[in-house]
Structure formats: C-alpha cells, structure tokens
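FYI, side chains are in, hydrogens and waters are out, and symmetry mates aren't considered; it's all heavy atoms of this structure. Residue numbers begin at 1 in each chain, while the letters A, B, ... track the order of the sequences.
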Amino acid sequence: MVTVNIDSRGTACPGPLTDIIRAYKKASNGDILVVMATDPGIKADSKSWCDRTKNQLVDVKEKNGEYTVTIKITGKS
Amino acid sequence: MAGGSLNIIMSTGTVDKLINMGVLVQTAANLGVPVRVFVTATAVPAFKKDGYKSANVVPYGFNSVINEMAVGLQKLKSGDWHEMLKTAREIGEVKVYMCSLMAGAMNLKKSELDPMVDDIIGAAAFMQSASDGQVMFI
C-alpha cells in the first residue's frame, strides 16, 4: 500500500480532480491518495468521483481555507 | 448520464462558451464519461489549425467581465479552453468532430483543422453516435 500526496493548492475546478485522476491511473487498490486543495469545489467533486468510480472517500478536512481530502483506492478492476 | 456519454454541439465561438466547453469536457473526462464534441457554425474558426491562438472573440458588451475573468483564471493557474480539451483527451475518451456541412461551406480539409479534430462527420453520424447519452448545445 502506497500513500500518494497530491498538491492541488492554487488550482481551480476541474484541475484538482484531474490531478486525482492522474495519480489514480498509476495507483493500485489499497493505495491512499491525500489531496491538498484550496478550491472549495473539491469537497463535492471528490465525493461525486468516488461514488461514480467506487473508490472510498475516507475523509475531508478543512482548515483556514485549505482542504485535505483522503481517498482509498478500491475501484480498480 | 450514468453509464452514458456527453455529446456537446459546439456552435458558438466566443471565448466564454469555449471555456464552458473546456470545463465540461475535462470534468466529464475526470468522471470517466465518454465525450463527443461536434463543432459547427461560429465555433469552427477556433478549431482550425492554430485557430485557438486567435479565436478569442468576446461577446459584445462583455469586455470588462471577460477581462476580469481572464485575469482571475490566470491567477488560478487554470489553462485556457484548448489546454482543458487537450488534458481531457489525455485522461479520458474524448472525440472532436467537425461538422461536414460547415467544413464544406468554409472549404476546410481535415489537414487544415486543429490536430485534436478526429474527423469530419455529418449531423446524422453525430446523432447516431450520441444516441447513448446526453446532448448539450453550447
């Protein structure tokens, strides 16, 4: 299991989700993606993406306008 | 749209509409939704070879808001619509088609179009390929 940190701070929709997809393509089931972003859209967008792709949204934290989204990869066939 | 495709008829070539298209195509690609873009009418010049470099037509009366938007998008490190489309094609299943009627009317061959244009097709072929999903007119 690998943890991949993704820094999407300063970018806006749909950039952060694209950063997630790029990391996802190299990831395996069980890996963890930790995304840092400043775009508030990341909260709903990451949930929509996880629901659609059957990956697990583990946690979304917000502090001082920065979001940390943790995703467990479970959707790879 | 669950399981289906997103099919965009790109008819208006102003920069605001092109940005809308870029965001929607990149978002759909992010979600794994297949996308087809059918380019027609005033959007055609933007999809000529290197057309994106000069096709920054601002809708009449909106100069100040478009300028404000452009500055804001640059600050957000957001690429222009052409970069968004290119990114979407890298990560997802995205096809771009030029309307054959418009290509004929403007005497355009495929070699004169943006390399991202996959083919020149008619409306019937687009409608047929779009039958599995949602159609959006921009």
**Study point:** Which portion of A:Ile21 sits near chain B, non-hydrogen atoms under 4.5 angstrom
**Key:**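 The side chain, not the backbone.
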
Review point. Does the pair A:Leu17 and B:Gln26 meet the rule for a side-chain contact (heavy atoms from CB on, under 4.5 Å), with working shown?
Key: CA-CA 9 Å; A:Leu17 197 50; B:Gln26 191 176 335; over 6 Å; no

Can you measure from [atom1] ([X]) to [atom2] ([Y]) and round to the nearest 0.5 angstrom?
X	Y	atom1	atom2	result
A:Cys13	B:Leu76	SG	CG	10.5 Å
B:Thr87	A:Asp19	OG1	CG	9.5 Å
B:Asn30	A:Arg22	CG	CZ	9.0 Å

Study note, to complete from the structure: Interface check, chain B: of A:Ile20, A:Thr18, A:Thr11, most non-hydrogen pairs under 4.5 Å belong to A:Thr18

Check your understanding: So, for A:Arg52 and B:Leu31, which heavy atoms are closest and what is the spacing to 0.1 Å?
Key ->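 Looking at all heavy atoms of both residues, the closest pair is NE-O, 2.6 Å.
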
Mark yes when over 12 heavy atoms from residues, nucleotides or ligands other than [X] sit less than 6.0 Å from its [atom1]; otherwise mark no.
X	atom1	result
B:Asn107	CG	no
A:Lys54	NZ	no
B:Met127	CE	no
B:Glu90	CD	yes
B:Glu68	CD	no
B:Gln128	CD	no

Practice item. Take B:Ile91 and A:Lys25, measure what side-chain contact (heavy atoms from CB on, under 4.5 Å) needs, and give me the verdict at the end. Key: CA-CA 9 Å; B:Ile91 61 176; A:Lys25 291 199 167 193; 4.2 Å; yes

